[in-house]
Amino acid sequence: MAEENIEENPVIEAIKSRRSVRDYIDKQVSEDTVNQVIDAGIHAPTALGLQPWNFVVISGKDIIKEISDHIKPMVQEHLKDSTEQLAKDLKEKMKNKDFNLFYDAPILVLVMHNRDDKLADYDCALCAENMMLAAHSLGLGSCWIGAGAFIQQSPELLDDLDIPHDFEIVAPIILGYPRSTPSPIDRCEPMVSWIYKKKD
Ligand SMILES: Cc1cc2nc3c(=O)[nH]c(=O)nc-3n(C[C@H](O)[C@H](O)[C@H](O)COP(=O)(O)O)c2cc1C
């Protein structure tokens with residue numbers, strides 16, 4: 001596409017307008033729509049073309065809230081010394097017993113793999129970004145809930161969710177119809193070095 005049309009490029013527009021959504025209306029997402037999102041995910045590139053991912057879709061805000069209640073103490077312990085602003089905000093919110101780490105979203109998709117290989121982590125992360133962009137283009141909100149990876153630390157929860165213990169949960173992604181979408185956040189100016197000639 002010609003450089004002068006860049007603002008009209010729908011892919012770039014979707015990338016720039018996607019936000020992490022943490023406020024959902026009480027409306028279920030259809031299985032077809034979730035499958036469309038996952039289908040976009042699996043078109044991500046993968047190291048050696050291995051497509052290492054597996055997905056578990058957890059459907060229904062009540063079961064997702066139960067998972068949140070189960071892992072919240074582990075997240076609190078993990079963040080107890082953290083001084084990052086978002087971590088401090090999350091610690092404050094977690095003091096409220098009604099606070100749901102998954103923001104009452106109706107769908108939680110766990111993107112995971114069972115390969116002992118960090119390249120498979122990258123593959124799953126790329127898959128997750130494809131999914132979040134596809135969700136956005138379909139009118140859904142999404143958010144990667146890193147805290148959701150604490151499911152991994154609970155053998156009991158893994159058994160409840162039929163997740164084999166050797167699977168690595170890389171990307172817990174919530175999906176739902178947004179009630180509100182946050183304003184864009186400022187992006188830092190990227191540090192870019194251009195190299196035209198190898199050093200002698
Ligand atoms: C690896 C990863 C973990 C994240 N974990 C959480 C989380 O546990 N809870 C949350 O509310 N947001 C989480 N986020 C969302 C980020 O806070 C969000 O992407 C960031 O603030 C930028 O906002 P944007 O996605 O709207 O551009 C996570 C994002 C990534 C990439």
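Atoms within each ligand, like the ligands themselves, are counted from 1 in listed order.
Side chains of D89 and Q85: a donor-acceptor N/O pair is present below 3.5 angstrom, by distance only.
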Cut-off 3.5 Å, no hydrogens considered: what does the side-chain donor-acceptor table look like for residues 170-197, sequence neighbours left out?
from, atom 1, to, atom 2, distance (Å)
R179, NE, D23, OD1, 3.2
R179, NH2, Y24, O, 2.9
S180, OG, D23, OD2, 2.6

Check residues 40-49 and write down every donor-acceptor pair under 3.5 Å in which the side-chain atom is one partner and the other belongs to a residue at least two apart or another chain.
from, atom 1, to, atom 2, distance (Å)
H43, ND1, D39, O, 2.6
T46, OG1, L50, N, 3.3
T46, OG1, Q51, N, 3.3

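Side chain of S137 to main chain of A134: a donor-acceptor pair is present (N/O by atom type, distance under 3.5 Å, no hydrogens or angles). A donor-acceptor pair is defined here as one N or O able to donate and one able to accept, closer than 3.5 Å; such a pair exists between the side chain of K91 and the backbone of K80.
Near ligand 1, residues R18, R19, S20, R22, L86, Y103, C143, W144, I145, G146, A147, I185, R187 come within 4.0 angstrom through at least one heavy atom.
Under a 4.5 Å side-chain heavy-atom criterion applied to ILVMFWY residues, the cluster that includes L119 comprises Y122 as well.
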